[in-house]
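Basis for what follows: all heavy atoms, side chains included, without hydrogens, waters or symmetry-related copies. Throughout, a chain's letter reflects where its sequence line sits, starting with A, and its residues are numbered from 1. Bear in mind that the values here come from a model prediction, so they are computed numbers and not experimental data.
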Amino acid sequence: MTRDLFSSFLASESIFKNKEVLRHSYIPDVLPHREEQINEIASILASALRGETPSNIFIYGKTGTGKTAVTRYVGKELHRAGKEKGKPTHFVYINCEVVDTQYRILQNIANHFIGEWTERIPFTGWPTDEVYAKLREMMEKARGVVVIVLDEVDKLKGDEVLYNLSRLNTDLDNAKASVIGISNDLKFTEFLDPRVKSSMGEENLIFPPYNADQLKDILDQRAQMALKENTLDEPVVPLCSAYAAQEHGDARRALDLFRVAAELAERDGLKRIVEKHVRRAQNKIELDRVTEVVRTLPTQSKLVLISIIVGERIQDNITPLTTGEVYSIYKELASSVGIDHLTQRRITDLVSELDMLGIVTARVISKGRYGRTRHIRMSTSIDKTTEVLDEDDLLRGLARYRPKIQTRLL
DNA sequence: CTTCCACAGGAAGGTCTGGCGG
DNA sequence: CCGCCAGACCTTCCTGTGGAAG
């Protein structure tokens, strides 16, 4: 019996030829509509092949604009070209969201050179300047140019590392270092130490968002590689592209939509992806996002969210709730579960956070004589949100609470 | 035109936690 | 182990304000 559990799923033939190419981490051999950026980076890094130090680069762009893919692609090509020409070039990629302290960054870079007659640097224990010294020593031995990519560099704790890395070259004889910083925050450099700022931002690149047509090209290319013949309805790719273009031209979003749509089609037991799968994929991705966000909210924020839901229930959705109404419901709910209530000022901020997370909308309006406030309403499904909130032991069932307060005389 | 509601949202400061260097 | 500091989280106090009512 157990042995047959999966056989029925495997029996129906998959529509995928190679699903891997739909993941974000996959880097194709051709990156459509990024030729300009590729050439620009390549022209800067080319000096590495002449044995000179390439300028440091800063790359900006929103999520899904190809920053990481382009950089890794150029890095791969550079490494290959360096080998051919007998000029040693090293390419170290670090995601600063994962590796976010000075010590671990240096350790990561240093461990890249392992295997060339050197010992491993331990996770912890060494003074930072000793790791730094060791790194220099290793780079001297390895020779050549080291290109260090710091992805999501704005997530770094402190700019000391950036300063030290930008100074690397002054203490090196046989090796050169060049740093590429990637960020989706345009204002990131404003907060940097001016010394770091000037040395890091020798070259600046901005990656613009893709438009719908460009997204379509990207998806066409991936679909070719990912799917078997005749598994795709014609309008699917344009629809995915259109949705993703609305979302600031995010290629990652386009790929996710497409992949989820394909998975849904497969789960339906179909041999073909059609339009409705894309719409369902859109819903599923959105629902997953909301579920995850709501689930991880702090208790007080959950309580505010519940207050808004309770408020909407008694208002019957005629007029949106105001801050004052939400606050009085919130206070009542808080005391009913025995949680200390926060001040209205604080609740104002929590509502703003919920707004930014996209689970409620709150916009300032004026009611003239009757003051200025914000109209607050749920922007996600009340039922689904309630379902997620019910997972919280402390707050279970609270969203169905009937408050004693009469909020408004209508 | 002025008034004045019901907040928005800035500034500053308090408390607590957790990491880090000595 | 201790003192220090940064950052998250809140409070207190405050000034500012769009527009219906008067």
[atom1] of [X] versus [atom2] of [N]: gap in Å, rounded?
X: A:Ile376; N: B:dC7; atom1: CD1; atom2: C1'; value: 11 Å
X: A:Lys367; N: B:dT3; atom1: NZ; atom2: C1'; value: 18 Å
X: A:Leu342; N: C:dA8; atom1: CG; atom2: C1'; value: 13 Å
X: A:Arg346; N: B:dA12; atom1: CZ; atom2: P; value: 19 Å
X: A:Gln344; N: B:dC5; atom1: CD; atom2: C1'; value: 13 Å
X: A:Ile347; N: B:dA8; atom1: CD1; atom2: P; value: 11 Å
X: A:Leu350; N: C:dC9; atom1: CG; atom2: P; value: 10 Å

Test: [X] and [Y] ion pair at under 4.0 Å:
X: A:Arg289; Y: A:Glu286; value: yes
X: A:Asp256; Y: A:Arg253; value: no
X: A:Glu52; Y: A:Lys176; value: no
X: A:Lys62; Y: A:Asp250; value: no
X: A:Glu140; Y: A:Arg136; value: no
X: A:Glu263; Y: A:Lys19; value: yes

Measuring to OP1 and OP2 of [N], would you say a side-chain N or O of [X] lies under 4.0 angstrom away?
X: A:Arg369; N: C:dA20; value: no
X: A:Ser366; N: B:dC7; value: no
X: A:Thr343; N: C:dC10; value: no

Check: protein-nucleotides 9-11 of chain B nitrogen or oxygen pairs below 3.5 Å:
unit_1, atom_1, unit_2, atom_2, d
B:dG9, N7, A:Arg345, NE, 3.2
B:dG10, N7, A:Arg345, NH2, 2.9
B:dG10, O6, A:Arg345, NE, 2.8

